[in-house]
Amino acid sequence: MKLNSLAFRLFATAALWTLLVLAIAGVVIDYVHRREAEAAFDTRLSQILTQIIAFSTLHEGDEPRTPKIIGEPLFELTHSGWYWQITPLDNAPGRRMVSASLAGESLILPSNLKIRPDANNIIWYNATGPVGEKIRIAENVYNAGEDEAPRFYSFLVAGDAETTESVNATFRLPLVIALGLAGMVLVAASLFQVRFVLKPLQAIEKRLSDIRSGNAEQLDGELPAEVEPLQTELNALIKSNQDIVERARTQVGNLAHALKTPLAVIINEAREEKGAGSQKVAEQATIMRDQVNYYLDRARMAARAGLVGRQTEVLVVAEAIVRALERIYSERGLDFSVDCPSSARFQGEKQDLEEILGNLLDNACKWAASRVVLSVQIEEPSAASPRKLLCICVDDDGPGLTPEQRMQSIRRGRKLDETKPGSGLGLSIIAELVQTYRGEFKLEQSAVGGLSARIKLPAV
Amino acid sequence: MRVLVVEDDPDLSRQLITALTDAGYAVDSAADGEEGYFLGETEPYDVVVLDVGLPKIDGISVLEQWRRANRNMPVIILTARDRWSDKVAGMDAGADDYVAKPFHMEELLARIRAQVRRSAGHARAEIECGDLRLDTKTARITLNGQPIRLTSHEYRLLAYLMHHNGRVVSRTELVEHLYDQDFDRDSNTIEVFIGRLRKKIPSDMIKTVRGLGYRLSKDGDET
């Protein structure tokens with residue numbers, strides 16, 4: 001999962017929220033539980049206090065007697081953390097009693113006098129016991145004497161505060177485990193959720209690559225409502241892209257028509273006159289014609305660059321061109337043979353394939369003695385070339401070219417900037433088109449005698 | 001030979017008419033698809049030069065309509081649109097050849113000659129009949145290797161007969177193929193020219209088939 005991705009954003013926020021909420025829940029639960037435990041502890045202390053007061057004052061006489069505490073042996077165990085103490089208030093004379101657990105020592109209250117008694121008249125302290133343990137003390141001041149001659153005693157009961165803390169600790173571990181498990185399950189669920197939610201995006205990616213490779217014309221199929229506007233816009237974009245190219249092509253064609261007819265008139269007119277001036281005009285007009293053709297071809301190609309892919313059936317194009325050439329060269333009685341699997345599909349514009357095949361076959365017809373052979377093979381992707389390719393061969397049994405001439409033609413095709421347009425075999429336009437599709441173009445000696453043009457183009 | 005030129009550009013049209021007339025053709029012309037279609041439909045042309053970008057009806061549609069109406073004269077398409085898709089569309093519509101603008105007049109004339117020969121069933125540029133020999137490239141007729149001096153009308157007549165040698169050619173057919181549409185067809189010029197030709201070549205080569213027309217054939221060929 002990349003850091004800068006929708007999946008990561010979704011996952012990270014979901015995980016963060018989950019963990020945050022779980023942590024807060026844990027803190028709250030722990031707090032509530034501690035409060036409960038403390039309240040229970042305080043209740044117990046106040047019950048023991050009430051019991052002590054009741055026992056030690058419910059008798060004849062004005063001195064409290066030593067209380068008996070039932071069911072709590074810790075008051076007998078030395079330094080157990082559980083103590084009681086009965087002393088006359090403000091160091092007044094009177095009997096002073098402590099639990100056995102204090103072992104003769106006395107409880108020292110923290111000198112914090114601002115603590116107010118609660119509804120039951122009990123004052124609560126958090127203090128330190130005789131051996132430094134944390135204790136909680138409940139104090140009740142009780143009048144053991146008559147109303148006219150009061151004798152105030154301070155009744156103290158102390159409990160080991162660590163009891164509640166250990167209760168809390170034993171509760172905390174299972175709480176953390178439970179919450180941790182819940183967290184893991186939720187994070188895993190959010191991972192699944194992210195995958196599930198983002199699945200349509202992967203589908204879109206695949207369909208877009210289909211469009212680029214020419215297997216689809218537009219983004220089809222039902223997509224989630226959120227992506228639908230994107231789909232509409234993308235389709236509109238693809239459409240407008242195609243429209244722009246179509247328009248550019250039409251305008252280029254119109255320009256061609258508009259320029260070529262006047263040029264034809266100029267050339268014919270100039271050739272009629274025999275003066276030196278008109279010869280110059282004819283010569284220059286011919287150069288203009290070639291330049292117009294050359295740059296119109298380039299403009300057509302530029303209009304195509306970066307165009308969303310199309311696919312073209314090779315056999316249909318090949319047959320149409322051979323049909324046309326058979327008529328054009330019917331007088332020569334050429335023998336055409338076309339060997340092309342019907343499954344062969346060119347990954348590109350129909351017009352481009354028409355130009356390539358048309359010019360190659362036309363060339364072959366011009367030079368052939370009697371035979372023109374077109375063969376197309378599909379080359380499956382391999383380790384050497386990962387692309388699926390079409391191998392197109394056009395052979396003729398004409399005079400052919402010498403190796404130097406072949407080299408020259410190809411080089412001329414490659415280095416177009418140094419080329420005078422319209423030269424020689426008209427191979428430059430083929431070479432440039434093939435280059436546009438990152439294909440290969442070779443000229444060889446043909447098995448049937450003449451020139452063999454071999455071209456590799458991307459296939460679908 | 002009679003040629004129809006359908007071209008909307010007035011300058012190019014004028015150049016074509018001049019060049020074709022100079023080359024010995026009888027030329028009719030139309031400046032739009034509608035007029036062109038009508039002429040091609042009603043007149044017997046030996047070849048048609050048809051521009052594709054025409055006002056009213058475009059060239060390809062005109063051609064398709066002709067072919068649908070079984071007008072089978074050779075048609076050479078003339079257009080600035082020289083992409084192969086345009087060529088294929090033109091040829092599939094029934095064109096016989098294709099010349100891209102701008103073009104050299106000599107090239108167009110050569111293509112026209114080839115179409116005329118082809119439609120008359122001759123494969124080579126030279127047509128022979130007995131001792132007569134017609135070189136379509138140079139527009140010259142020789143008898144035993146010696147050039148015959150002919151006026152342009154005489155040349156047209158003899159060239160047509162040589163293209164169709166061995167076949168009876170009616171007077172009407174000759175008039176229709178040798179003169180443009182403005183020619184006065186009721187005149188007896190054909191007879192006059194036949195008479196002149198008989199003085200320049202062995203007179204028995206052109207036979208009059210009574211009630212049918214004329215036939216050019218080798219000496220002593222009676223069939």
Side-chain angles (χ1 to χ4, degrees), chain A residues 249-250 252-272 282 285-286 288-290 292-293 296-297 300 312 316-333 349-362 426 429 433, chain B residues 7-19 22 51-54 58-59 74-111 113-119 121-125:
Chain A
R249 204 167 276 166
T250 313
V252 161
N254 291 344
L255 182 62
H257 201 215
L259 285 179
K260 282 178 180 178
T261 305
L263 269 178
V265 172
I266 291 172
I267 289 171
N268 290 327
E269 201 72 49
R271 288 169 73 93
E272 282 298 302
T286 309
M288 278 168 72
R289 177 195 66 184
D290 291 348
V292 164
N293 283 340
L296 287 180
D297 283 336
R300 284 172 188 149
T312 306
V316 175
V317 171
E319 278 177 343
I321 286 171
V322 167
R323 202 162 58 230
L325 286 170
E326 272 173 341
R327 279 193 87 131
I328 293 173
Y329 292 99
S330 63
E331 216 169 51
R332 302 263 308 276
E349 283 287 305
K350 187 178 178 207
Q351 291 196 354
D352 292 341
L353 186 65
E354 282 171 343
E355 285 312 293
I356 292 170
L357 283 182
N359 284 322
L360 277 181
L361 286 166
D362 195 29
I429 181 70
L433 273 171
Chain B
E7 163 64 58
D8 60 322
D9 185 89
D11 289 324
L12 188 57
S13 181
R14 179 181 49 74
Q15 287 178 345
L16 285 168
I17 294 166
T18 310
D22 289 352
D51 186 26
V52 168
L54 288 172
D58 71 279
V75 173
I76 298 174
I77 280 185
L78 194 61
T79 177
R81 299 183 184 272
D82 60 349
R83 309 222 63 192
W84 274 93
S85 51
D86 302 317
K87 291 186 199 179
V88 168
M91 300 308 283
D92 280 352
D96 296 274
D97 205 350
Y98 194 102
V99 175
K101 284 184 195 172
F103 54 91
H104 288 311
M105 199 56 85
E106 295 80 28
E107 191 192 348
L108 179 65
L109 290 174
R111 303 278 185 103
R113 281 198 300 272
Q115 290 302 331
V116 170
R117 268 190 287 114
R118 204 192 288 178
S119 68
H122 302 282
R124 294 180 44 207

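Note: hydrogens, waters and symmetry copies are ignored here, and every other heavy atom, side chains too, is used. Throughout, protein chains are lettered first and strands after them, A, B, ... in sequence-line order, and every chain is numbered starting at 1.
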Salt-bridge contact B:K87-A:E355 (side-chain N to carboxylate O under 4.0 Å): no

Under 3.5 Å donor-acceptor, A:R327 side chain and B:A95 backbone: yes

Contacting moiety of A:L357, where chain B heavy atoms sit under 4.5 Å: neither

Partner chain A: residue of B:D96, B:L78, B:D9 with the largest heavy-atom pair count (under 4.5 Å): B:D96

Most chain A-contacting option - heavy-atom pairs closer than 4.5 Å, from B:M105, B:Q15, B:M91: B:Q15

Steps toward side-chain contact (heavy atoms from CB on, under 4.5 Å) verdict (B:S85, A:K350): CA-CA 9 Å; B:S85 51; A:K350 187 178 178 207; over 6 Å; no

Matching residue for A:N268 among B:L108, B:L16, B:L12 - test: side chain to side chain contact (heavy atoms under 4.5 Å, CB included): B:L12

Residue B:R111 versus chain A: region with a heavy atom under 4.5 Å: neither

Donor on one side chain, acceptor on other, B:W84 and A:D362, under 3.5 Å: no

Proximal component of B:D11, with respect to chain A [non-hydrogen, under 4.5 Å]: both

Contact origin within A:I267 toward chain B - heavy atom pairs under 4.5 Å: side chain

